[in-house]
Amino acid sequence: MADVTTTPMDAQALDEVVTFTSELIRIDTTNRGAGDCRERPAAEYVAERLAAAGLEPALLERTPGRTNVVARIEGTDPSADALLVHGHLDVVPAESADWTVHPFSGEVRDGVVWGRGAVDMKNMDAMVLAVVRAWARHGIRPRRDIVIAYTADEEASAIDGSGYLADSHPGLFEGCTEGISESGAFSFHAVPGMTLYPIAAGERGTAWLKLTARGTAGHGSKVNRANAVTRLAAAIARIGDHEWPVRLTPTVRAALAELAVLHGIDTDVHAPGFDADALIAKLGPAAALVEPTVRNSANPTMLAAGYKINVIPGQATAYVDGRMLPGAEDEFTATMDRLTGPDVDWEFHHREVPLQAPVDSPTFARLRAAVERFDPDGRTVPYCMPGGTDAKQFSRLGITGYGFSPLKLPPGFDYAAMFHGVDERVPVEALHFGVHVLDHYLRSA
């Protein structure tokens, strides 16, 4: 058996990660949230390549065409806890007229792979495939069992994806205590000469809300003191104007402490009266890593009312994208009760829990070490994701999740803008870096 600590990734793995990223992008798995997505062609693609590496992937569906893939790599230490490595196969919609390159072309141009999913998250899907196949070629086995899951429906409710797997197939994840997935270990160029790699150790909870205002229907020419549209608009304005108070979770507090040291700022994040906003104002570009996660948030996103311009409707509805910090869920619901007022009802349209993972754990230390091995000048920092991932659903099984999809990106490459944005793309060299880092971490985990 090959030495699992020193065998390097071969040239084939570096070629394959580019090919797999490109080819997965060409498989249109657009998820509009209406149930019309079909991940099965992408699921069959990854399952075929996992099988060629000697694994036995299972294809699992709650709904026909909404396919998930799960496979297990047996480790050398049967007593060790298993590790979950998961990535989703669906992507958000893309309007081709807005793009420089067709979003489902998977074109490789000037050392960059273009297309929807290049960052979110067919790149990581491809990295995992490339690593697993390289291990098969060289006879490498990790220390602990590794369960690989490719999921459907992450870009909507996950009901056909990780939610279904966690609820209906928990046995496939037996022994898994930790997991890694998207949105972490990407390079972030804070100031000249400082490259940060935020590793996610937390997520805000999802609180998608439906607001309903009821009133008295009537003619648009008459005075109406019970206008549902007016009532809804007032509630939406209050929500949009609300200033949420600072609530620091352990992950965010640790991130602020490390960022302060790296920026040469003398502060005590544990001191009574610590002013998080004042510190964030001194962090320059790095403020973007923490500013969205020091508070709950609620952003109105959709409105619907009426059917004719001269008819006052009896009902109006709106949707709000809310996010809740760990430990701040009760505050969120109480605040929404107050802001909506007596004339507007609200309910959770979709809700998922906030997450938090320890940053002082051996796992986090290994994640740091894997990144810094391949970029010794880079600095890893803890990070809380403002949004959410499939780690929420897998947490039902007692799996602690970290965001770890390593990419070394050049200065000026706006990683955050790639998520759900126009002209999503990933450099080939970033994929190569990710394969090396992911391989090293999974062997040492």
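By the 4.5 Å heavy-atom criterion applied to side chains, C176 and I399 are counted as neighbours. Side-chain contact between L409 and P427: present, with at least one pair of heavy atoms (C-beta onward) separated by less than 4.5 Å. At a threshold of 4.5 Å between non-hydrogen side-chain atoms, the residues V91 and T30 count as touching. Looking only at side-chain heavy atoms (C-beta outward), V119 and F186 stay at 4.5 Å or farther from each other. A heavy-atom distance below 4.5 Å is found between the side chains of L256 and F274. Residues Y197 and L367 are not in side-chain contact: their nearest non-hydrogen atoms beyond the backbone lie 4.5 Å or more apart. Within the 4.5 Å cutoff, the side chain of T63 has no heavy atoms near those of the Y164 side chain. Between K392 and L355 the shortest side-chain heavy-atom distance falls below 4.5 Å.
Of the possible donor and acceptor atoms, none in the side chain of Q393 sits under 3.5 Å from a partner among the backbone N and O of A166. The main-chain N or O of P93 is never found under 3.5 Å from a side-chain atom of R32 such that the two would form a donor-acceptor pair.
Side chains of D10 and H138: a donor-acceptor N/O pair is present below 3.5 angstrom, by distance only. A side-chain donor from one of T29 and K122 sits under 3.5 Å from a side-chain acceptor of the other. Between the side chains of T67 and E44, not a single donor N or O lies within less than 3.5 Å of an accepting N or O.
The residue from R323, R204, H242 that alone fulfils the side-chain hydrogen bond (donor to acceptor under 3.5 Å, both in side chains) condition with S297 is R204.
Ring-plane geometry between F20 and Y45 is classed as perpendicular, the angle between the planes exceeding 60 degrees on a 0 to 90 degree scale with a lower cut at 30. Ring-plane geometry between F374 and F433 is classed as perpendicular, the angle between the planes exceeding 60 degrees on a 0 to 90 degree scale with a lower cut at 30. F332 and F348 have parallel rings, their planes meeting at less than 30° on a 0 to 90° scale where 60° marks the start of perpendicular.
More than 12 heavy atoms of other shown residues, nucleotides or ligands fall within 6.0 angstrom of atom CG in D98. Atom CG of L262 is surrounded by more than 12 heavy atoms from other residues, nucleotides or ligands within 6.0 Å. In this structure, E347 places its CD atom where more than 12 heavy-atom neighbours from other residues, nucleotides or ligands lie under 6.0 Å away. Annotation for E291: atom CD does not count as buried by contact number, only 12 or fewer foreign heavy atoms lying within 6.0 Å. In D36, the CG atom is crowded: over 12 heavy atoms of neighbouring residues, nucleotides or ligands sit closer than 6.0 Å.
Of the charged side-chain nitrogens involved, at least one lies within less than 4.0 Å of a carboxylate oxygen, so that R144 and E178 count as a salt-bridged pair.
Residue T301 holds its OG1 atom at 8.0 Å from CD1 of I236, rounded to the nearest 0.5 Å. The distance from the CG atom of L289 to the CG atom of L283 is 9.0 Å, given to the nearest 0.5 Å. Rounded to the nearest 0.5 angstrom, R379 CZ and L196 CG are separated by 10.0 Å. We find the CG-CE distance between L438 and M127 to be 7.0 Å, quoted to the nearest 0.5 Å. Here the CZ atom belonging to R247 is positioned 9.5 Å from the CG atom belonging to L325, to the nearest 0.5 angstrom. Rounded to the nearest 0.5 Å, atoms CE (M121) and OG1 (T389) are 8.5 Å apart.
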* Kindly determine whether E182 and E154 satisfy side-chain contact (heavy atoms from CB on, under 4.5 Å), including the steps that lead there. => CA-CA 11 Å; E182 63 181 315; E154 191 274 347; 3.3 Å; yes

* To do: Evaluate side-chain hydrogen bond (donor to acceptor under 3.5 Å, both in side chains) for R425 paired with T100, printing each intermediate quantity in order.
  => CA-CA 11 Å; R425 59 199 184 276; T100 302; over 6 Å; no

* Given side-chain contact (heavy atoms from CB on, under 4.5 Å), test R66 with I159 step by step and report yes or no. => CA-CA 10 Å; R66 309 303 306 275; I159 191 172; over 6 Å; no

* **Worked check of side-chain contact (heavy atoms from CB on, under 4.5 Å) between V70 and F173** => CA-CA 9 Å; V70 181; F173 307 94; 4.2 Å; yes

* Do E155 and H420 pass the side-chain hydrogen bond (donor to acceptor under 3.5 Å, both in side chains) test, and can you show the C-alpha distance, the side-chain angles, and the key distance before you say yes or no? -> CA-CA 10 Å; E155 295 292 3; H420 300 189; 3.2 Å; yes

* Decide side-chain contact (heavy atoms from CB on, under 4.5 Å) for Y415 and F188; before the verdict, give the C-alpha distance in whole Å, the side-chain angles of both, and the deciding distance to 0.1 Å. => CA-CA 8 Å; Y415 174 84; F188 182 96; over 6 Å; no

* Are D321 and W208 close enough, and set up right, to give a side-chain hydrogen bond (donor to acceptor under 3.5 Å, both in side chains), and what steps lead you there? -> CA-CA 5 Å; D321 185 340; W208 293 347; 3.3 Å; yes

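Across every non-hydrogen atom of L397 and P170, the tightest pair is CD2-CB, 3.7 Å. Heavy atoms only, all atoms of each residue included: I199 and G403 are closest at CG2-O, 3.8 Å.
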